[in-house]
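Heads up: the structure comes next, in structure tokens.
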Amino acid sequence: MKQSHLFTKTKKEVPKDEASKNAQLLIKAGFIYKEMAGVYAYLPLGLRVLEKIKQIVREEMDAIGGQEFIMTAIQRKELWEKTDRWSDDTVDVWFKSALKNGTEIGFGWSHEEPITDLMKQYLTSYRDLPTYVYQFQTKLRNELRAKSGIMRGREFIMKDMYSYSLNAEQHQKFYDEVIAAYLKVFARVGLEKETYVTFAAGGAFTQFSHEFQTITDAGEDVIYVNREKHIAINEEVLSDTVLKELGVTMDELEKVKTAEVGNIFNFGTVKCEQLGLSIVDTEGKSIPVHLGSYGIGITRLMGVLVEHFSDDKGIVWPEEVAPFQVHLVSLCKEPSDIEKADTLYAILQTSGIEVLYDDRDARPGEKFADSDLIGIPLRIVVSPRSLENNQVEFKYRKSGEEKLVSYMEVMKEM
RNA sequence: CGGAGUGUAGCUCAGUUGGCUAGAGCACCUGGUUUGGGACCAGGGGGUCGAAGGUUCAAGUCCUUUCACUCCGACCA
């Protein structure tokens with residue numbers, strides 16, 4: 001991608017109505033645009049990062065047998081009435097509307113109900129289980145107060161996965177596989193050390209649910225962690241009884257602020273009973289199905305990444321999620337030098353490397369400042385100065401390390 | 001939803017006890033000089049001062065209503 005053609009530019013100043021670091025940096029660097037409170041558009045750079053995160057999640061969900069599909073954003077009232085989650089008293093984040101004929105509809109803030117209802121047409125026998133499906137959906141939640149930039153929006157992208165299992169053992173096996181898969185996801189995006197599987201309030205079906213909490217000051221949750229035993233407990237369930245059960249004492253725990261990047265729930269058979277999803281077992285008897293629900297906030301995760309991977313100059317993307325792998329910055333003025341930069345751009349591209357090529361007619365200082373702000377892991381500078389010796393400069397965004405590389409051997413160094 | 005604050009150019013902001021043609025910096029356009037960490041000079045375009053109503057000879061400024069945004073709290077399957 002030539003930067004001279006890239007839609008949106010960086011800004012020197014940030015809008016004053018943004019206080020969170022993630023939104024400030026992402027707006028300043030041209031990744032997102034704020035439509036209104038808690039509602040953001042993703043511009044080309046931001047979209048590339050989102051797609052990178054989604055692809056990592058997709059690979060890990062596929063690896064444990066998930067199948068991707070996509071449900072509808074518009075949902076039927078009757079399904080949610082069956083599980084007593086239609087009323088604004090029980091669910092206060094509903095966006096609701098009505099069809100022209102007066103039929104009430106809701107906009108999806110979650111999808112257990114419609115997916116389970118859909119499954120009634122496809123799951124009929126024990127032979128059909130287990131079944132795992134997932135989607136990347138734009139969820140709509142009428143939050144009383146949006147905050148923290150893209151970390152808590154009214155419109156956001158979530159990966160939600162649903163498991164339909166024959167019995168408790170089959171469910172538990174997959175549940176554990178999801179925990180492992182989620183940990184892989186968070187490790188791949190670079191948040192391995194900061195992310196904890198956390199015991200949290202379980203709702204009506206189990207004693208605990210598991211939350212995936214990433215340590216960040218921008219978070220909204222407070223949890224207690226033991227880094228050595230790798231145990232984490234959400235403040236909301238902390239009690240003497242729970243401590244005893246988990247075999248830790250209060251003085252072993254450290255209080256930290258976190259953001260919930262993932263959450264998994266066991267609904268038991270209750271929801272399938274409410275919605276009438278049952279299958280026939282080996283003896284021909286009709287039995288209800290076990291449901292599990294597993295979410296990762298894709299856009300929130302992007303926000304957490306920016307909060308965590310940034311410095312005073314801008315964003316420092318981990319390689320796996322960076323919008324481009326290489327930022328090729330040309331300081332060339334002479335046609336013969338420009339041709340060399342163009343050639344290098346072509347070589348990198350044909351080698352399958354994602355390159356943002358700063359071919360703009362701008363001063364070096366501006367280009368470097370933009371490059372730091374955008375935060376691509378490797379910067380390659382092509383300038384008359386280094387071309388004199390047939391060299392280009394490598395600079396790594398994270399470490400700041402610099403080195404000269406022979407023009408002919410750039411590909412060997414990648 | 002309770003409390004506090006802010007709305008003036010695309011962005012950041014100034015604008016005195018109401019006063020005459022509403023300003024600056026950044027960004028943008030033209031020309032020139034520059035060129036390794038967000039350059040400089042000259043010129044230029046861009047505004048229903050969040051909106052509606054009111055007071056007044058006169059409103060960005062005062063009054064009323066309203067909308068939006070931010071922060072703190074509450075909420076957060």
Side-chain angles (χ1 to χ4, degrees), chain A residues 8-20 23-24 27-30 33-39 80 83-85 88-94 108-113 139 141-149 151-154 156 158 160 162 200-206 208-211 219-222 234-237 258-260 262-268 270-271 291-295 297 300 312-314 329-334 337 358 360-374 379 381-388 392-393 395 400 402 404:
Chain A
T8 76
K9 330 169 202 191
T10 57
K11 293 170 180 287
K12 278 191 188 174
E13 289 158 313
V14 296
K16 65 148 187 201
D17 64 356
E18 285 291 357
S20 68
Q24 284 189 347
I27 290 172
K28 201 174 168 199
Y33 165 80
K34 182 183 193 172
E35 178 68 26
M36 55 187 280
V39 181
W80 293 89
T83 58
D84 194 29
R85 298 212 287 180
D88 291 339
D89 298 332
T90 50
V91 174
D92 63 2
V93 294
W94 271 116
W109 56 275
S110 185
H111 282 77
E112 285 91 0
E113 276 74 355
K139 306 289 184 187
R141 294 190 184 180
N142 203 344
E143 297 277 0
L144 245 51
R145 181 186 163 201
K147 58 182 292 193
S148 308
M151 290 174 63
R152 180 172 171 184
R154 297 194 165 98
F156 58 95
M158 182 153 110
D160 42 328
Y162 302 90
F205 310 105
T206 52
F208 297 116
S209 71
H210 290 102
E211 292 174 345
E220 298 185 281
D221 289 327
V222 173
N234 194 307
E235 188 179 43
E236 67 191 13
V237 295
T258 54
E260 185 183 340
N263 197 330
I264 62 184
F265 280 90
N266 177 8
F267 284 96
V270 176
K271 197 162 288 288
L291 171 67
S293 145
Y294 317 83
R300 172 178 287 183
D312 57 339
K313 289 179 178 166
V329 177
S330 165
L331 304 183
C332 302
K333 290 289 170 193
E334 297 301 320
D337 288 344
D358 192 348
R360 297 173 302 167
D361 181 24
R363 297 165 58 82
E366 187 181 343
K367 291 191 171 195
F368 293 146
D370 277 348
S371 179
D372 287 337
L373 182 59
I374 292 170
R379 178 196 304 170
V381 178
V382 184
S383 70
R385 185 194 285 180
S386 47
L387 278 179
E388 236 173 63
V392 297
E393 298 154 58
K395 181 167 185 179
E402 294 180 74
L404 288 166

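Quantities reported herein were computed from a predicted structural model and do not represent experimental measurements. We name chains A, B, ... by the order of the sequence lines, and we start the count at 1 in each one.
In a base pair of the Watson-Crick type (N1 to N3 plus N6-O4 or O6-N4) or a G-U wobble (N1-O2 and O6-N3), with each distance short of 3.5 Å, U48(B) is matched with no nucleotide. If you check G37(B) for Watson-Crick or wobble pairing at under 3.5 angstrom, you find it has no partner at all. C71(B) is paired with G3(B) under the Watson-Crick or G-U wobble criterion, all donor-acceptor distances under 3.5 Å. Under the Watson-Crick or G-U wobble criterion, with both distances below 3.5 Å, A59(B) has no partner in any strand shown. Across all strands shown, C26(B) forms a Watson-Crick or G-U wobble pair with G10(B), both key distances being under 3.5 Å.
Listed nucleotides A77(B), C76(B), G37(B) differ in distance to Glu220(A); the shortest reach to its side chain belongs to C76(B). In the set A77(B), G38(B), A74(B), A74(B) carries the atom at the smallest distance from any side-chain atom of Leu144(A). For Pro15(A), whose side chain is taken as the heavy atoms from C-beta onward, the closest listed nucleotide among C11(B), G38(B), G37(B) is C11(B). If you check C75(B), A77(B), G37(B) against the side chain of Phe265(A), the one that comes closest is A77(B). Taking the side chain of Arg145(A) as heavy atoms from C-beta on, and the options A74(B), G37(B), C69(B), the nearest nucleotide is A74(B). Nearest nucleotide to the side chain of Lys16(A), out of C75(B), U6(B), C69(B): U6(B).
Between A74(B) and C63(B), the distance separating the two C1' atoms is 33 Å to the nearest Å. Here, A14(B) and C49(B) have their C1' atoms 13 Å apart, quoted to the whole Å. Here, A77(B) and G73(B) have their C1' atoms 22 Å apart, quoted to the whole Å. G32(B) and G47(B): their P atoms are spaced 28 Å apart (whole Å). Comparing the C1' positions of U33(B) and U61(B) gives a spacing of 43 Å, expressed to the nearest Å. The gap from the P atom of C13(B) to that of G50(B) amounts to 15 Å, rounded to the nearest Å. Nucleotides U65(B) and C41(B), compared at atom P, are 48 Å apart to the nearest Å. Look at the C1' atom in both G53(B) and U12(B): the space between them is 31 Å, to the nearest Å.
Tested against Asp372(A), the residues Lys395(A), Lys28(A), Lys367(A), Arg379(A) include a single salt bridge (Lys or Arg N to Asp or Glu O under 4.0 Å) partner, Arg379(A).
For the pair Asp358(A) CG and G37(B) P, the interatomic distance rounds to 15 Å; values are reported in whole Å. Whole-Å rounding puts the Glu260(A) CD to C76(B) P distance at 12 Å. Between Arg385(A) atom CZ and U35(B) atom P the separation is 13 Å, expressed in whole Å. One atom, OH of Tyr33(A), and another, P of G10(B), lie 12 Å apart when rounded to the nearest Å. When the C1' atom of A77(B) is taken as reference, atom OH of Tyr294(A) falls 15 Å away, rounded to whole Å. Rounded to whole Å, the distance from CH2 on Trp94(A) to P on A77(B) is 16 Å. Spacing between atom CD of Glu143(A) and atom C1' of C1(B) amounts to 13 Å, rounded to whole angstrom units. Straight-line distance from the NZ atom of Lys367(A) to the C1' atom of U35(B): 11 Å, rounded to whole Å.
Looking at Arg360(A) and Lys9(A), their side chains never come closer than 4.5 Å, going by heavy atoms from C-beta outward. Using a 4.5 Å heavy-atom cutoff, the side chains of Val381(A) and Ser386(A) are not in contact. For the pair Asp17(A) and Lys34(A), the minimum side-chain heavy-atom distance is below 4.5 Å.
Taking the six-membered ring where the residue is Trp, Trp94(A) and Trp80(A) present perpendicular rings, their angle passing 60° and hence far from 30°.
The residue Glu211(A) sits apart from the nucleic acid: no heavy atom pair falls under 4.0 Å. Among the heavy atoms of the strands lying under 4.0 Å from Arg379(A) is at least one base atom, whether or not backbone atoms are also near. Within the nucleic acid shown, Asp370(A) comes within 4.0 Å of at least one base atom, counting heavy atoms only. As judged by a 4.0 angstrom heavy-atom cut-off over every strand, Arg141(A) is placed among residues making no nucleic acid contact. Nucleic acid contact class of Val93(A) (heavy atoms, under 4.0 Å, all strands): none. Among the heavy atoms of the strands lying under 4.0 Å from Thr10(A) is at least one base atom, whether or not backbone atoms are also near. Contacts of Ser371(A) with the nucleic acid, taken as non-hydrogen atoms under 4.0 Å apart, are absent.
Salt-bridge formation is detected for the pair Glu113(A)/Lys271(A): a Lys NZ or Arg NE/NH1/NH2 atom is positioned less than 4.0 Å from an Asp or Glu carboxylate oxygen. Salt-bridge formation is detected for the pair Glu220(A)/Arg152(A): a Lys NZ or Arg NE/NH1/NH2 atom is positioned less than 4.0 Å from an Asp or Glu carboxylate oxygen.
Going from atom CD of Glu366(A) over to atom OG of Ser371(A) covers 12.5 Å, rounded to the nearest 0.5 Å.
In the interface, the side chain of Asp17(A) is not paired with the base of G7(B) through any donor and acceptor atom under 3.5 Å apart.
Of all the heavy atoms in Lys139(A) and Asp160(A), the pair that sits closest is NZ-OD2, 2.6 Å. The shortest non-hydrogen separation linking Gly38(A) to Ala146(A) is CA-CB, 3.5 Å. Nearest approach of His111(A) to Gly108(A), heavy atoms of both residues: CE1-CA, 4.2 Å.
Mapping Lys34(A) and Asp372(A) onto RNA chain B by nearest heavy atom places Asp372(A) closer to the 5' end of the strand. Residues Ser20(A) and Val381(A) each lie close to RNA chain B; by heavy-atom proximity, the contact nearer the 5' end of the strand is made by Val381(A).
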Close N/O contacts between protein and nucleotides 31-34 of chain B (under 3.5 Å):
| residue | atom | partner | partner atom | Å |
| --- | --- | --- | --- | --- |
| U34(B) | O2 | Arg363(A) | NH1 | 2.6 |

Table of protein N/O atoms under 3.5 Å from nucleotides 23-30 of chain B N/O atoms:
| residue | atom | partner | partner atom | Å |
| --- | --- | --- | --- | --- |
| G25(B) | N2 | Glu13(A) | OE1 | 3.1 |

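Side chain of Glu236(A) to backbone of Ala200(A): no donor-acceptor contact under 3.5 angstrom is found. In this structure, Arg154(A) contributes its side chain and Ala37(A) its backbone to a donor-acceptor pair below 3.5 Å.
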